[in-house]
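The structure under discussion appears below in the form of structure tokens.
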Amino acid sequence: MERLSRATCKALPYDPALLDIGIVHLGVGAFHRAHQADYTDEAVRRGDLRWGIMGASLRSAETRDALAPQDFLYTIAESDEAGERCRVIGALRGVLVAPENPQALIEAMCLSSVKIVSLTVTEKGYCHDPATGELNEAHPDIVHDLAHPHAPRSAPGFLVEALRARSARGASPFTVLCCDNLPANGRTVAKVVTRLAALRDPALARYIAEQVAFPATMVDRIVPATTDADRVRIAAATGLEDRWPVVTEAYNNWVIEDRFPQGRPDWKASFVADIAPFELMKLRLLNGAHSAMAYLGYLAGHETIAGCMQDAALASYVAHLMHDEVTSTLAVPPGADVESYKQALLKRFRNPGLRHRTWQIAMDGSQKLPQRLLGTIRDRLKAGAPIDALALGVAAWMRYVTGIDEQGRPIDVRDPLKDELRARADAAGADAAALAPALMDLDTIFGRDLPADSRFTSAVTGALGSLFVKGSRATYESFRSTRA
Ligand code: CS2
């Protein structure tokens, strides 16, 4: 079978070689390729050739090596109840591998055609303290970038160095567009970048604070990791071999604060003045439910989210979490309808075309819990409202990071704090009264307020005790029987 490339692809209505580079994107993983690159491709198809994307991988060469032989073209396979549809994306014009040549990436970020540097580097890629949003100055990559500012490793390091280089050359700055699931993502990244700049040079920090726009965004599309079975199915459907396709749902949503002093593509996104209510709705309902389901579902033996949703008791726990504990903490976004968002969400979770692994979502919990579950818990406690379902989500994370499943088999826990979590779990043993406080003591996750609130500590410790004694399934089942 022929490989997808500019020569073999008949499906693109434009010649990707004619695109300018208008965007540099840091973290060119599946999510970017299925979301922002899709929106950009659609704008390019309408004839605006200024917005080709130069992708960058901050770690491995995998994506570049897979995509270079196919001229960086790839397929998006979208599924819903009507089945799966495939489309080729041509907006990605290249991939740079930062560790191989950091200077080449900085030069790309300095191109005068580049107006936007966007990012999907996951929560941990910003080297910040998840509880406060402040730069973690002791982070090894930040220590490195301060010692070697012209050859950085971290995303904030690249942003600071490229902004410095542009201003030294008298060029206007680019707009920084964070597309990760962080709370107040624009402001958070601005804070981290400005602080890193200040540690190098206070004048540079002032320049960034005054001249650089960091619009906030809410991104929403479920994109599981691509598997070999996906590759085989997509090749059969398209007649071309694609080594690096992306698999996603038909649903796609992007809400963006409209602050682009240097211009932007005419993305068919929602541009709003304040994204906060959209962000809260999405992070707390979708991502909060995802994380709770990932830990409980993994422990109960469910491999995928669609599998979790087929378990009536787990699906009912999730519905309870969303309707009875999360919804009261949300402000209704203008023009949006929280009820229909929730109904659509439950349907999206059930999509059998997506094999979204619980293990994948379980990753990096220490970076995800604050914005997905803990903020909601704070608001509920303030209102004097129950937090049982939320606390069970937090307890399931604690049970998961012990690294041993309910059958005594090892769990491959992936988390930047993995060793610290494991050491605390080993010291505590299978004892909720010892493990819960040992983990809550991590103030970069829980802050200082939650561990001091006995309503929080007793709800989480109680749920964790039940997970140890009865197991995950019996815990969420009994949960349902008392609350449904
Ligand atoms: C998921 C998200 O992996 C995860 O933690 O919760 O990637 C989720 O699929 C997206 O945010 C959906 O928009």
Side-chain angles (χ1 to χ4, degrees), residues 1-25 27-57 59-80 82-98 100-101 104 108 120 221-250 252 265 351-357 360:
M1 184 180 282
E2 280 186 313
R3 183 96 177 252
L4 172 65
S5 70
R6 276 175 58 219
T8 58
C9 175
K10 308 275 176 284
L12 267 184
Y14 63 90
D15 180 358
L18 299 179
L19 297 186
D20 258 347
I21 301 299
I23 300 172
V24 170
H25 184 81
V28 63
F31 182 70
H32 167 71
R33 293 188 299 120
H35 187 272
Q36 304 99 62
D38 188 15
Y39 278 91
T40 303
D41 191 76
E42 192 275 331
V44 168
R45 282 168 193 255
R46 279 185 278 121
D48 190 348
L49 301 183
R50 290 174 298 168
W51 300 106
I53 302 169
M54 178 56 69
S57 296
R59 282 194 296 262
S60 94
E62 229 183 356
T63 297
R64 192 265 324 269
D65 292 350
L67 287 179
Q70 43 194 70
D71 303 319
F72 301 96
L73 302 186
Y74 62 90
T75 314
I76 289 191
E78 293 177 351
S79 70
D80 58 16
E84 189 172 59
R85 291 163 302 281
C86 294
R87 198 149 33 85
V88 172
I89 299 293
L92 184 65
R93 293 320 314 125
V95 173
L96 300 171
V97 180
E100 284 178 5
N101 188 349
T120 49
R221 190 168 221 194
I222 295 175
V223 188
T226 307
T227 64
D228 286 338
D230 295 326
R231 284 182 254 274
V232 170
R233 195 182 63 252
I234 290 166
T238 61
L240 290 172
E241 181 193 5
D242 179 349
R243 298 256 175 95
W244 222 237
V246 288
V247 175
T248 185
E249 56 183 343
N252 202 4
N351 186 341
L354 296 179
R355 287 193 51 77
H356 202 185
R357 293 177 68 196
Q360 187 187 351

Worksheet item: With a 4.5 Å limit on heavy-atom distance, are the side chains of His25 and Leu92 in contact?
Response: no
Discussion item. When you compare the side chain of Gln36 with that of Thr120, does any pair of heavy atoms fall below 4.5 Å?
Written reply: yes
Output the distance between atom [atom1] ([X]) and atom [atom2] ([Y]), rounded to the nearest 0.5 Å.
X      : Y      : atom1 : atom2 : value
Phe72  : Arg33  : CZ    : CZ    : 11.0 Å
Arg221 : Ile76  : CZ    : CD1   : 5.5 Å
Arg6   : Leu73  : CZ    : CG    : 8.0 Å
Cys86  : Arg233 : SG    : CZ    : 7.5 Å
His356 : Thr248 : NE2   : OG1   : 9.5 Å

[X] to [Y] - nearest heavy-atom pair and separation:
X      : Y      : answer
Asn351 : Ser79  : ND2-O, 3.2 Å
Val95  : Ser57  : CG1-OG, 3.9 Å
Gly90  : Leu12  : CA-CD1, 3.8 Å
Cys9   : Leu240 : CA-CD1, 4.3 Å
Val24  : Ala108 : CG2-O, 3.8 Å

Worksheet item: When you measure from the side chain of Tyr14 to the backbone N and O of Leu19, does any donor-acceptor pair fall under 3.5 Å?
Response: no
Discussion item. Has Arg93 got a side-chain atom pairing as donor or acceptor with Met54's backbone, closer than 3.5 angstrom?
Written reply: no
Item to complete: Look at the rings of Phe31 and His35 and say which category their plane angle falls in: under 30° parallel, 30 to 60° tilted, over 60° perpendicular.
Response: parallel
